[in-house]
J.: 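Attaching a single structure in structure tokens format; questions to follow.
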Amino acid sequence: RRKGTSAAADAQNRPSRVPIPLPRAPPQRPSITVDREKTCPLLLRVFTRTGGHHTVEDFAVKGKEPKDEVQIYTWRDATLRELTDLVKEVAPAARRKEAKLSFAFVYPHRRGRNVIRNVGMTFASGGRRGSDENRTLNDLNFQTGDFLDVAIL
């Protein structure tokens, strides 16, 4: 200590040690169960493409989205496995035994431009199960109005 200074004065002159907060995972939405007899379904606009996802530019102009659209009425507790089975009904490429389906949400970012966010992958064949099969739209933070882009690989 310097001569003539107190401990309180020393504390004021030292740089403060503020703890740096650690990054936290986003809060998980609680799982929900929807009474499908009493709850009105939502309209999910699904765009399928063989070989890969659509680009952000494909969704740039409202009303001029890709032509390969399927409209599905479903609920927030629908799983990716349920959606896989529905896509298989309308897209012959998704019925192939070795096919994989990659799911992504397309939605407007805060700045007004659309973004694509990958949310999961499933296998078309019933024998192979992936870790995303039982994830629901609600678990994946789906919001009404988002598009679902499905790449059939």
Side-chain angles (χ1 to χ4, degrees), residues 14-153:
R14 263 188 265 144
S16 63
R17 291 187 184 163
V18 177
I20 299 171
L22 297 174
R24 296 188 322 179
Q28 293 292 326
R29 288 188 176 195
S31 292
I32 60 167
T33 304
V34 175
D35 183 350
R36 293 184 176 191
E37 294 293 322
K38 295 179 181 177
T39 304
C40 183
L42 58 92
L43 175 64
L44 180 61
R45 296 179 66 188
V46 180
F47 298 88
T48 60
R49 184 173 177 207
T50 303
H53 285 286
H54 289 93
T55 64
V56 175
E57 290 79 25
D58 293 335
F59 297 96
V61 179
K62 189 173 182 172
K64 295 195 178 198
E65 291 86 9
K67 300 293 181 213
D68 47 9
E69 178 180 359
V70 179
Q71 295 183 350
I72 298 173
Y73 286 97
T74 191
W75 293 267
R76 295 187 68 77
D77 68 342
T79 64
L80 291 185
R81 170 48 46 195
E82 287 178 76
L83 296 173
T84 297
D85 294 339
L86 292 170
V87 168
K88 285 170 51 176
E89 289 179 22
V90 296
R95 296 183 204 134
R96 292 190 327 257
K97 216 164 118 177
E98 67 280 357
K100 291 189 288 189
L101 279 71
S102 174
F103 294 87
F105 292 150
V106 180
Y107 57 92
H109 192 265
R110 290 182 200 114
R111 296 184 184 133
R113 302 192 77 173
N114 283 335
V115 294
I116 297 179
R117 180 173 59 95
N118 290 324
V119 294
M121 186 169 291
T122 61
F123 295 98
S125 69
R128 293 175 64 188
R129 297 284 182 206
S131 61
D132 297 328
E133 302 274 329
N134 294 321
R135 296 181 76 188
T136 66
L137 291 174
N138 191 65
D139 295 340
L140 299 168
N141 298 323
F142 173 82
Q143 293 185 16
T144 304
D146 293 353
F147 298 147
L148 182 64
D149 189 56
V150 180
I152 303 167
L153 309 170

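Just so you know, residue 1 is the first one in the sequence shown, and it goes up from there. Side chains are part of it too, since the values below use all heavy atoms of this structure and drop only hydrogens, waters and symmetry mates.
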J.: To the nearest 0.5 Å, tell me how far R135 CZ sits from T79 OG1.
T.: 12.0 Å

J.: Side chains of F142 and L44, heavy atoms from C-beta outward: is any pair under 4.5 Å?
T.: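 A side-chain contact under 4.5 Å exists here.
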
J.: Would you give the length of the straight line joining atom OG1 of T84 to atom CZ of F123, rounded to the nearest 0.5 angstrom?
T.: 10.5 Å

J.: Minimum heavy-atom separation for T74 to A78, with atom names?
T.: OG1-CB, 3.1 Å

J.: Locate the shortest heavy-atom distance separating L43 from Q71; write the atom from each residue and the value.
T.: CD1-CB, 3.6 Å

J.: Can you tell me how far apart CG (D146) and CD1 (I116) are? Round to the nearest 0.5 Å.
T.: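 Those atoms lie 12.0 Å apart.
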
J.: So how far is it from T144 OG1 to R76 CZ, rounded to the nearest 0.5 Å?
T.: 5.5 Å

J.: Quick one: ring pair (Phe, Tyr, Trp, His ring centres under 6.0 Å) pairs with a partner in residues 49-77, sequence neighbours left out?
T.: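 Counting only pairs at least two positions apart or across chains, the ring pair (Phe, Tyr, Trp, His ring centres under 6.0 Å) contacts touching residues 49-77 are F47-F59, H54-F59, F59-F147.
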
J.: So do L140 and L80 actually touch side chain to side chain, heavy atoms under 4.5 Å?
T.: yes

J.: Quick check for you: to the nearest 0.5 Å, what is the distance between E69 atom CD and R45 atom CZ?
T.: 4.0 Å

J.: With rounding to the nearest 0.5 angstrom, report the OG1 to CD distance, T122 to E82.
T.: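 Between T122 OG1 and E82 CD, I get 12.0 Å after rounding to 0.5 Å.
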
J.: Would a distance-only check, ignoring hydrogens and angles, find a side-chain to backbone donor-acceptor pair under 3.5 Å from K100 to M121?
T.: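 No.
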
J.: Determine the minimum heavy-atom distance between N114 and A60, stating which atoms define it.
T.: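 Distance-wise, the nearest heavy atoms are ND2-N, 4.4 Å.
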
J.: Can you name the closest pair of heavy atoms from G52 and L153 and give their distance?
T.: N-CD2, 3.9 Å

J.: I'd like to check R81 versus D85 (side-chain heavy atoms, cut-off strictly below 4.5 Å). Are they in contact?
T.: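 They are in side-chain contact.
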
J.: Report yes if the side chains of V87 and V70 come closer than 4.5 Å at any heavy-atom pair, otherwise no.
T.: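 Answer no - side chains too far apart.
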
J.: Kindly indicate whether the side chain of L137, heavy atoms from C-beta on, has any atom under 4.5 Å from the side chain of L83.
T.: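 The answer is yes, as the side chains (C-beta and beyond) meet within the 4.5 Å cut-off.
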
J.: Identify, with sequence neighbours excluded, every residue that meets side-chain contact (heavy atoms from CB on, under 4.5 Å) alongside R117.
T.: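 R117: side-chain contact (heavy atoms from CB on, under 4.5 Å) contacts with F105, Y107, V119, N141.
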
J.: State, with a plain yes or no, whether a side-chain heavy atom of R113 is found less than 4.5 Å away from one of V56.
T.: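 Counting from C-beta outward, R113 and V56 never come under 4.5 Å.
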
J.: Taking the side chain as C-beta and beyond, is there a heavy-atom pair between E65 and V106 under 4.5 Å?
T.: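 When only atoms from C-beta onward are counted, V106 and E65 do not touch, as no gap falls below 4.5 Å.
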
J.: Of the non-hydrogen atoms in D132 and G120, which two are nearest, and what is the gap between them?
T.: OD2-CA, 3.2 Å

J.: Give me the atom names and distance for the closest heavy-atom approach of A94 to A99.
T.: O-CB, 4.0 Å

